[in-house]
There are 2 protein chains.
Amino acid sequence: MDATVPGGEGRPPSMHDVARLAGVSHQTVSRVLNDSPSVRTETRERVEAAIAELGYRRNLAARALVTGRSHAIGVLGPYDADYGPMRTIQAVEVAAREAGFLPLMTTATRDREGLQAGIDFLLARAVDAIVVVAQHPIIGKVVDEMAPDLPVAYVLTGKGGRNRSIAIDQEAGVRLALEHLIGLGHTRIQHVRGPDEYAEADLRAQAYAEIMREHGLEPMPLLQGDWSAESGYNLEIDPEATGVFVANDQMALGVVKRLCEQGRDVPGEVSVVGFDDLEESAFFRPGLTTVRQDFSAVGQSAVKFLAGQLSGVRPAPPTPLEPTLLVRASTAQRV
Amino acid sequence: MDATVPGGEGRPPSMHDVARLAGVSHQTVSRVLNDSPSVRTETRERVEAAIAELGYRRNLAARALVTGRSHAIGVLGPYDADYGPMRTIQAVEVAAREAGFLPLMTTATRDREGLQAGIDFLLARAVDAIVVVAQHPIIGKVVDEMAPDLPVAYVLTGKGGRNRSIAIDQEAGVRLALEHLIGLGHTRIQHVRGPDEYAEADLRAQAYAEIMREHGLEPMPLLQGDWSAESGYNLEIDPEATGVFVANDQMALGVVKRLCEQGRDVPGEVSVVGFDDLEESAFFRPGLTTVRQDFSAVGQSAVKFLAGQLSGVRPAPPTPLEPTLLVRASTAQRV
DNA sequence: ACAGTACCTGGAATCGTTAACGTTCACCCA
DNA sequence: TGGGTGAACGTTAACGATTCCAGGTACTGT
């Protein structure tokens, strides 16, 4: 019924226009907008009606200017984000928006200059806090240099050593994968790890060696890919291996294809476990057994942590989140 | 050598601080920042030195307040973005940033209320323009109602009928896929389309029927999925079909899996063509023949269109972009 | 009748930047 | 020498919201 756009005036309505129409002072309008308790219901309604009639929108630039707060949270991700980080970034974005913040995402290469440029971008936008997703340890120093007083949360970059980081428990994930294979009777299990510069790749490779030894098994020589399916396809799996634990699903896809082309049946002769659980992984041939991580929980956790800091409290970051194992057709009892 | 952060003062330096240090007026600093020609080189250098020494950053909120421009471009995508739109959104984001804009992304459901909420979000952030990615035709009306004067570009929502839309030529893509199958001797070709509410799904289905008839072939009954691999897996391909053209790669993955489980060899008995070219598609088993679209070209094109409008000119949007066919192992000569 | 409280007014200062408009000064030409 | 010109720079007034302040009214309870 009432017009959202009353007509093409010169410039958008301001608080004073609303105040005039509602017959109150601009101060009262401000109180309504920031829902202060000391406004009578009737007055509040009159103001809200005026706001609706004029199609008034508060000018966030003016607000930010005077309060010194942008209500924006910066999200810094890796330049070459693959599935895990990408999902995490998305999750942080959603969580930030739900918490009433404006998420500003940007990406940066892993070198010092790239990181500085990325943070610079966010700082120029006057973000109130930063979430760093899946970056190299060096990022910590860079951030502390450039913005020593800004609240920061690190996501997925380790097992949660620093008290400002939120992480999925990588070791637990690796344990699920390996103990599944071991339970199926496999003893010669090879690991395909991700690239050197990635903390997750390091953690998973390290956990692989530890857990193998823990079970009295000898770790096999490491293979390394770059997270892509192609890099997995180009790898030569040890002929002795009957189990392969691959650090992500894309590389696992490539590994499986290559194995099959070499005449080694999956899961008949070799069992393969991935990591991440892509949307499509269940429909690979065979369906891929993999480890699922709850990215959205991580995102929410990070935003909650920062929101808490911004409102003065300093909550302890929650304990690492537990991944789960999805058993599908790419793994079978050792024959 | 010089400190990026000179020390933890109360609040960040302003133009006046820079001006004082450089011995000029704040206006001159402003001119240097906006590189106006009427500043002597020597003065400019002095100002720049002061900026560097203080680690000064211009306050974008203040700038936006006085100019009425945020230098932000809103990107409105579908709530349930699948691969194509997601890549497009990303491409727009990158292009916007490269062009010096701040991309603000948000998603919206396809109903009127969802769209209004999405646009409202962007309008509240005072975006200078909007890119709409892959949305229902109704969006055009909603945008025109809510922001009649805002420059808008529509991406991927049609074959470019409106003069404000940038699209990949869907018909050309479908033609590549179908003529490839026809060239291999297939005549009974079925189409798996996407959901009703998607313009791309409609366009591809329509093109399928037209091109089939154009070649004297009878279109087969349409099958419909929801873009997911699972929905493809749940479909029953006509036993008579020897070729299947699927509207995206995920569904194709499901279709192939199902066919194989039914004992119908791909590509021995049935050839399958997808659409989109996921990173992983080459490593499916068999490698998927598919149609690739150049998303980043679309993104750049959209941003260029809007940037032009914002600086006064009104450039004609470029002609639809041509997709390409990638022939892999999922298609073969009809036996 | 008086204090106390809840709600509201109206004005002024503030945030940091830009736009419009002045001013200064050097230089050139008649 | 006087006046015109243009480059280089300074002054002032916005922009729209928030915050602080000193009230003012009207209702409440004692």
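This structure is a prediction, so every number in the text was calculated from the model and none was measured. Residue numbering restarts at 1 for every chain, and letters A, B, ... go by the order of the sequence lines.
Taking every heavy atom of both residues into account, A:Pro78 and A:Ile89 meet most closely at CD-CD1, 4.4 Å. Contact detail for A:Ala19 and A:Ser25: the closest heavy-atom pair is CB-C, 3.7 Å. Residues B:Asp128 and B:Gly68 share a closest heavy-atom pair of OD1-O, 4.5 Å. Closest heavy-atom contact between B:Ala64 and A:Ala61: CB-CB, 4.0 Å.
Atoms CZ (A:Arg20) and P (D:dA17) sit 12 Å apart, rounded to a whole Å. Taking atom CE of B:Met15 as the reference point, atom C1' of D:dC9 lies 13 Å away to the nearest angstrom. Rounded to whole Å, the distance from NE2 on B:His26 to P on D:dA14 is 15 Å.
Residue A:His16 is classed as having no contact, given no heavy-atom separation below 4.0 Å to the nucleic acid.
In the model, B:Asp111 has a side-chain atom that pairs as donor or acceptor with a side-chain atom of B:Thr109 under 3.5 Å. Defined by atom type and a distance below 3.5 Å, a donor-acceptor pair is missing between the side-chain atoms of A:Arg110 and A:Tyr79.
Contacts between residues 32-51 of chain B and DNA chain C, counted as heavy-atom distances below 4.0 Å, involve B:Asn34. Of the residues in residues 56-72 of chain A, those lying under 4.0 Å from DNA chain C by heavy-atom distance are A:Leu65, A:Val66.
Both tests do not hold together for A:Arg97 against A:Phe101: distance to the six-membered ring centre under 6.0 Å, angle to the ring axis within 45°.
The side chain of A:Ser25 contributes an N or O atom lying less than 4.0 Å from OP1 or OP2 of C:dT9. Side-chain N/O atoms of A:Thr28 include none lying less than 4.0 angstrom from OP1 or OP2 on C:dC7.
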Could you go over nucleotides 20-22 of chain C and give all protein N or O partners under 3.5 Å, atom names and distances?
from   : atom 1 : to      : atom 2 : distance (Å)
C:dA20 : N6     : B:Gln27 : NE2    : 2.9

Please walk me through it: do A:Ile119 and A:Glu145 pass side chain to side chain contact (heavy atoms under 4.5 Å, CB included)?
CA-CA 11 Å; A:Ile119 297 171; A:Glu145 274 171 31; over 6 Å; no
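Salt bridge absent: A:Lys304 and A:Glu98 never bring a charged side-chain N and a carboxylate O closer than 4.0 Å. No salt bridge links A:Lys141 with A:Asp144; every basic N to acidic carboxylate O contact stays at or beyond 4.0 Å.
Taking the six-membered ring for Trp and thresholds of 30 and 60 degrees, A:His26 and A:His16 have nearly parallel ring planes, at less than 30 degrees apart.
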